[in-house]
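On a predicted model such as this, the values are computed, not experimentally measured, just so you know. Throughout, residue positions are numbered sequentially from 1 according to the sequence presented.
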Amino acid sequence: MWAGGAFIAMSRAIGQIAQVATFLFGARILGPADFGIFAMVSAAAVLMSVTAQAGWSGYILSVRHTHQEVRQVLSLSTLFGLALSLAGLTFAASGVLGADRAVVTSLALWFSVWVLIATLAEGQFAVLLYREQVGAAAACQIAAEVTGFVVAVWSLIEGHGVLALAWGRLAAQGVQLVSMFAVSRTLPTVALTMAVTRGAVMFSAHVVGTRLLSNVSQYIGTFAVGGFLGAEAAGLFRLGQRLVGAASELLNEPARVITWLYLRRTVARFDDNDSPQAIQALQRAIERLMPALLIIGAPLFVGLMLLSALLLDALLGEVWRPAAPIVSILAIKALITIPSNITEPLLAIRGKIRFLPILSTIYVVLSVAFILPTAPYGLYPMTLAHLALGFIAFTIMLGVHKAVLGLDWLRIGRACVPLVPVLGSFALVLIILRALTAGRGLSPLLELAVISAPAAAVYLSQLIWLRPDAVISLFGAIRRTG
């Protein structure tokens, strides 16, 4: 029971370490301008991948299926992935990007192939989660991330520039696909039925819109900065996003898996997931789960907020220091949006998935309204616009959880309030130690270690002393996913 949840968390930790190491190594070698070019092309590829993947994996996880029905969903996933991949290849090969921009064209071609492989791999990942083979899925992800890291770093050392980062991603997805298929042994089928096709397409139509709009919101800043301020500014902004995103992914992927499986098991004994009894069971589950998510995620973002400049000096050097305020501001946004991890699983389990596209549309409209007008004025005003959006998104989320899902956030909030003094003392220790070590002649990396280690010890000791119940809830949530 324990091993499954712990293993998926470990796989994401290893994956994030590998991705961030690749990212930092590439940023240090390429510099802001080249890194900005890669950021803009890869952002476009991610939007294609999200469209191709649609909500097929969510449909597999949210509804009880036979083996044959799962194979049919994989077929639909394959068709969408192939269509988007061919569209990307056609666009890149058409010469629209310009004959004088060979690197951009090459990146677009490689990422078009990546879209198909990523879509197939996501389908196999969903099959393993559906069978609750969480440990096997985690092992495959670890192997994939390590392979991607080795390929990217070797290619960078060999002087292949931005293409090295694309090759690393392609290698990672390829290994994930092959290894997960070796475990699942589940192939798509040509025998599609109307019932499964209709159900999967209707579900995916809601989810793909949501995720696409969510990613447009995420990357609109990169495109806006690149368009108004140039590739170098786009590189700085994307670096800030990626560092905070790495911390977010370290939390979000385990949180997504734990939430899906934990809530599915919570309502498994009810015939109707929308019944008052099921709603109350979900309420109690969220009251246990939310403090656990904050225990993991909050110190990451508080640390990033307070130590961003020192972290950039230690990892990349002074050329990247202008990205420090971006990291700090985005870390605050990530902190206040931790609760959003539970929204999609809750809506799907309750049969309210149709509300997701509406929420995402509202958020994209607000993103455009806030970000595009501020981008011409510089990186920092636009980043502050992102923070304002975070507060607005949090407020909207609370309203939806209450009106649509019937959750009582006063009760959930009361369960989380006792964590505030623990986080406050952690932040205070960071601030004091940062002031004491400043100007002592320590290397940035050593200074970072001297500050972080005692602060982490204080956080953990106070957490165990003041909130043992939250720690127990965290372990219990992970154990129930095993």
[X] (side chain) donor-acceptor with [Y] (main chain) under 3.5 angstrom:
| X | Y | result |
| --- | --- | --- |
| Ser452 | Ala449 | no |
| Ser77 | Val73 | no |
| Gln283 | Asp408 | yes |
| Asn341 | Ile338 | yes |

Minimum heavy-atom distance [X]-[Y], with the two atoms named:
| X | Y | value |
| --- | --- | --- |
| Thr51 | Leu47 | OG1-O, 2.9 Å |
| Ile286 | Pro291 | O-CD, 4.1 Å |
| Leu239 | Ala27 | CD1-CB, 4.1 Å |
| Ile342 | Trp409 | CD1-CZ2, 4.4 Å |
| Leu433 | Val450 | CD1-O, 4.1 Å |
| Gly390 | Thr337 | O-CG2, 4.1 Å |

Any side-chain heavy atom of [X] within less than 4.5 Å of one from [Y]?
| X | Y | answer |
| --- | --- | --- |
| Ile336 | Phe301 | no |
| Tyr459 | Leu423 | yes |
| Met290 | Pro339 | yes |
| Arg242 | Gln19 | yes |
| Tyr363 | Ile392 | no |
| Leu300 | Leu304 | no |
| Leu310 | Ile451 | yes |
| Leu236 | Val225 | no |

Partner set under side-chain contact (heavy atoms from CB on, under 4.5 Å) for Ala118, not counting sequence neighbours: Ser49, Gln53, Trp114, Gln173
side-chain contact (heavy atoms from CB on, under 4.5 Å) involving Leu24 - partner list, sequence neighbours excluded: Val20, Leu243, Leu315, Leu316
Roughly how far, to the nearest 0.5 Å, is [atom2] of [Y] from [atom1] of [X]?
| X | Y | atom1 | atom2 | value |
| --- | --- | --- | --- | --- |
| Glu344 | Leu359 | CD | CG | 11.0 Å |
| Leu76 | Thr119 | CG | OG1 | 12.5 Å |
| Leu405 | Met397 | CG | CE | 10.5 Å |
| Glu122 | Ile117 | CD | CD1 | 14.5 Å |
| Leu307 | Ile431 | CG | CD1 | 9.5 Å |
| Ser184 | Gln133 | OG | CD | 8.0 Å |

Test side chain to side chain contact (heavy atoms under 4.5 Å, CB included) applied to Leu306 and Arg434, step by step: CA-CA 9 Å; Leu306 297 175; Arg434 182 73 174 98; over 6 Å; no
Met40 vs Arg238, side chain to side chain contact (heavy atoms under 4.5 Å, CB included): CA-CA, chis, key distance, verdict: CA-CA 9 Å; Met40 288 186 282; Arg238 184 58 188 148; over 6 Å; no
Side-chain H-bond candidate by donor/acceptor type, Gln241 with Thr222, under 3.5 Å: yes
Ser308 and Ser328: side chain donor to acceptor below 3.5 Å: yes
Worked check of side chain to side chain contact (heavy atoms under 4.5 Å, CB included) between Glu287 and Arg414: CA-CA 9 Å; Glu287 289 173 23; Arg414 281 196 294 268; over 6 Å; no
Check: Phe25 ring centre within less than 6.0 Å of Phe149 ring centre: no
Side-chain polar contacts of residues 377-386 - donor-acceptor pairs under 3.5 angstrom, sequence neighbours left out - could you list them?
{"residue": "Tyr380", "atom": "OH", "partner": "Pro322", "partner atom": "O", "Å": "2.7"}
{"residue": "Thr383", "atom": "OG1", "partner": "Leu379", "partner atom": "O", "Å": "2.7"}

Passing option when Leu366 is tested against Ile371, Leu389, Thr361 for side chain to side chain contact (heavy atoms under 4.5 Å, CB included): Leu389
Derivation of the side chain to side chain contact (heavy atoms under 4.5 Å, CB included) call for Leu74 and Gln124: CA-CA 8 Å; Leu74 290 181; Gln124 293 296 323; 3.9 Å; yes
Parallel, tilted or perpendicular: ring planes of Phe38 versus Phe111, cut at 30 and 60 degrees: tilted
